[in-house]
Number of protein chains: 2
Amino acid sequence: MTKAKLPPRGTRKRDVPLTETGIYAAALRLIDADGVDALTMRKLATALDANPMSLYHHVPNRDALLRGVARAVGAQFRTVTLENAAWQERIRLLATDFRTLAHRHPNLMAYSFSQPDFIQPEDPFWAALTATLDAAGVPHSEIRPIAALMCAVVIGVLTAELNGALHQWSNLEPIVPADGEEGPADAGPEEDRMFRLVLDTIITGLESRLITDGDAQGADRSLATEAGSWTSEPSFGPRQPSGSGSRWPDPV
Amino acid sequence: MTKAKLPPRGTRKRDVPLTETGIYAAALRLIDADGVDALTMRKLATALDANPMSLYHHVPNRDALLRGVARAVGAQFRTVTLENAAWQERIRLLATDFRTLAHRHPNLMAYSFSQPDFIQPEDPFWAALTATLDAAGVPHSEIRPIAALMCAVVIGVLTAELNGALHQWSNLEPIVPADGEEGPADAGPEEDRMFRLVLDTIITGLESRLITDGDAQGADRSLATEAGSWTSEPSFGPRQPSGSGSRWPDPV
DNA sequence: ACCTGAACACCGTTCAAGT
DNA sequence: ACCTGAACACCGTTCAAGT
């Protein structure tokens with residue numbers, strides 16, 4: 001890297017030739033800031049201090065650009081390490097990692113979630129999910145449909161969380177304003193609790209189905225004893241993923 | 001513009017002044033045909049045989065137009081009649097009616113599902129859902145979060161069905177082609193089965209939670225005896241909503 | 001009151017021409 | 001090989017002017 005060639009004057013943003021990955025990185029920055037719709041080939045070019053038409057030398061078109069950004073970000077996440085914990089915990093870990101990624105780049109993920117090819121058969125994520133369902137005792141013919149449904153469910157809940165629908169729906173039927181000022185506080189912990197609630201509910205539902213179908217080979221411990229109650233406090237719970245690799249973004 | 005001046009081709013589409021509802025109807029036709037992104041103020045105007053700028057006299061802008069179309073179509077559905085069946089069946093009915101609407105206008109609903117204000121507190125649908133959860137014995141403080149999560153889950157599954165993700169994910173890991181030609185057939189019945197599967201799973205999960213929390217006042221009958229098995233045939237099942245109002249669109 | 005033509009400020013993308 | 005200016009075919013929307 002030749003540093004001797006100093007930029008002409010002032011803040012030149014790019015002293016290096018255009019690269020596909022560099023274009024993706026700049027696009028991700030713009031998407032994080034203003035959303036996918038606001039990302040424009042022309043605005044991206046000026047952010048890169050380049051001519052708009054130069055981009056087309058590295059990226060076929062805008063759609064391919066977005067796909068590339070989504071793929072690059074997804075690669076951050078698809079390297080989930082498996083452990084030999086109970087399948088319930090492994091599913092929880094996969095889902096919370098998914099959610100962490102959604103929190104990190106909400107604008108991009110809201111777009112990615114609407115793309116049908118967001119999850120690919122080669123993804124380590126898909127392999128981990130299907131392997132977990134297999135370990136749980138799901139019959140082989142049902143593993144892929146169940147995995148697909150779980151992806152759809154988690155994506156649906158995350159989409160509703162990201163666009164604010166979850167929060168708005170939970171607060172429907174506005175309560176009459178009492179004397180004290182009870183602001184709706186920050187949305188964070190309540191949505192944490194709701195996410196755990198869906199996860200627990202579908203896991204419990206899966207367990208029931210596995211047990212009903214005769215002895216399931218992998219589901220020997222019932223979650224009934226540790227099932228959270230309706231009235232469990234949002235501030236803490238026994239359902240925290242036991243720090244086995246799921247790290248949460250700083251509450252902003 | 002006098003009537004004597006006819007457009008070149010004889011079929012004049014509009015001999016009546018522009019109306020807000022007429023604009024919505026024409027917009028819905030275009031959306032059904034080509035999707036929301038392809039709906040353009042200019043194309044809509046030519047479809048109505050009007051000047052593009054005339055539309056702005058009845059509709060503030062394109063966003064308001066789309067909201068209006070979504071609201072008009074949603075009103076078709078939000079008049080769900082409640083019965084006094086078991087809460088499980090009532091939830092199934094609400095969900096399948098939702099799905100019927102999604103099948104009738106897939107392009108529009110794929111857009112509506114991404115709008116956070118698609119479900120409003122005044123909707124009969126929301127009232128029916130919360131009343132059903134209340135009847136099931138869900139504690140009052142949890143009714144709205146649970147209803148919100150069920151909406152998010154159903155919307156997630158329907159979105160994945162509409163954009164083909166559900167079908168694609170289910171067919172991941174391509175099977176080695178055996179001797180016989182086992183084509184993937186039509187996507188319809190398999191997705192019917194998957195939709196019932198999610199519904200049953202979350203209903204079973206809810207039942208478990210209700211029973212675990214001590215006696216739930218409304219859940220006296222267990223679904224265990226009628227719970228479908230993993231290997232139930234897709235062609236029929238005991239889970240059909242008993243013809244109590246859920247009508248399916250003609251399989252196209 | 002309702003409609004309209006012209007115009008503005010944007011888009012994504014093509015293409016021939018530069019170096 | 002990489003880049004670029006000009007241009008094309010679209011957008012949503014504003015606005016002054018028509019009837």
5'-to-3' dot-bracket of DNA chain D (Watson-Crick, G-U; under 3.5 angstrom; crossing pairs as [ ]; | other strand): ||.|||||...|||||.||
Matching residue for Ser54(B) among Leu48(B), Leu18(B), Ile23(B) - test: side-chain contact (heavy atoms from CB on, under 4.5 Å): Leu18(B)
Plane angle bin for Phe98(B) and Phe125(B) - parallel if under 30°, tilted between 30 and 60°, otherwise perpendicular: parallel
Student check: side-chain heavy atoms of Leu44(A) and Arg62(A) closer than 4.5 Å: no
Any Gln115(B) side-chain heavy atom under 4.5 Å of Leu66(B) side chain: no
Within-4.5 Å side-chain heavy-atom neighbours: Leu65(B) and Leu39(B): yes
Test item: side-chain donor near acceptor, His167(B) and Glu190(B), under 3.5 Å: no
Rounded distance (Å) that lies between atom P of dA1(C) and atom CG of Leu18(B): 17 Å
Nucleic acid footprint by protein, nucleotides 6-19 of chain C - heavy-atom cut-off 4.0 Å, B for base, S for sugar-phosphate alone: BB---BBBB-----
Residue pair Tyr56(A) / Asn61(A): nearest heavy atoms and the distance that separates them: CE2-CA, 4.0 Å
Length of the NE2-C1' vector between His57(A) and dT4(D), whole Å: 10 Å
Side-chain N,O (His58(A)) to OP1/OP2 (dC2(D)) below 4.0 Å: no
Distance, rounded to the nearest Å, where Asp49(B) contributes CG and dC3(C) contributes P: 12 Å
Check: Ile155(B) and Thr159(A) side chains under 4.5 Å, non-hydrogen atoms: no
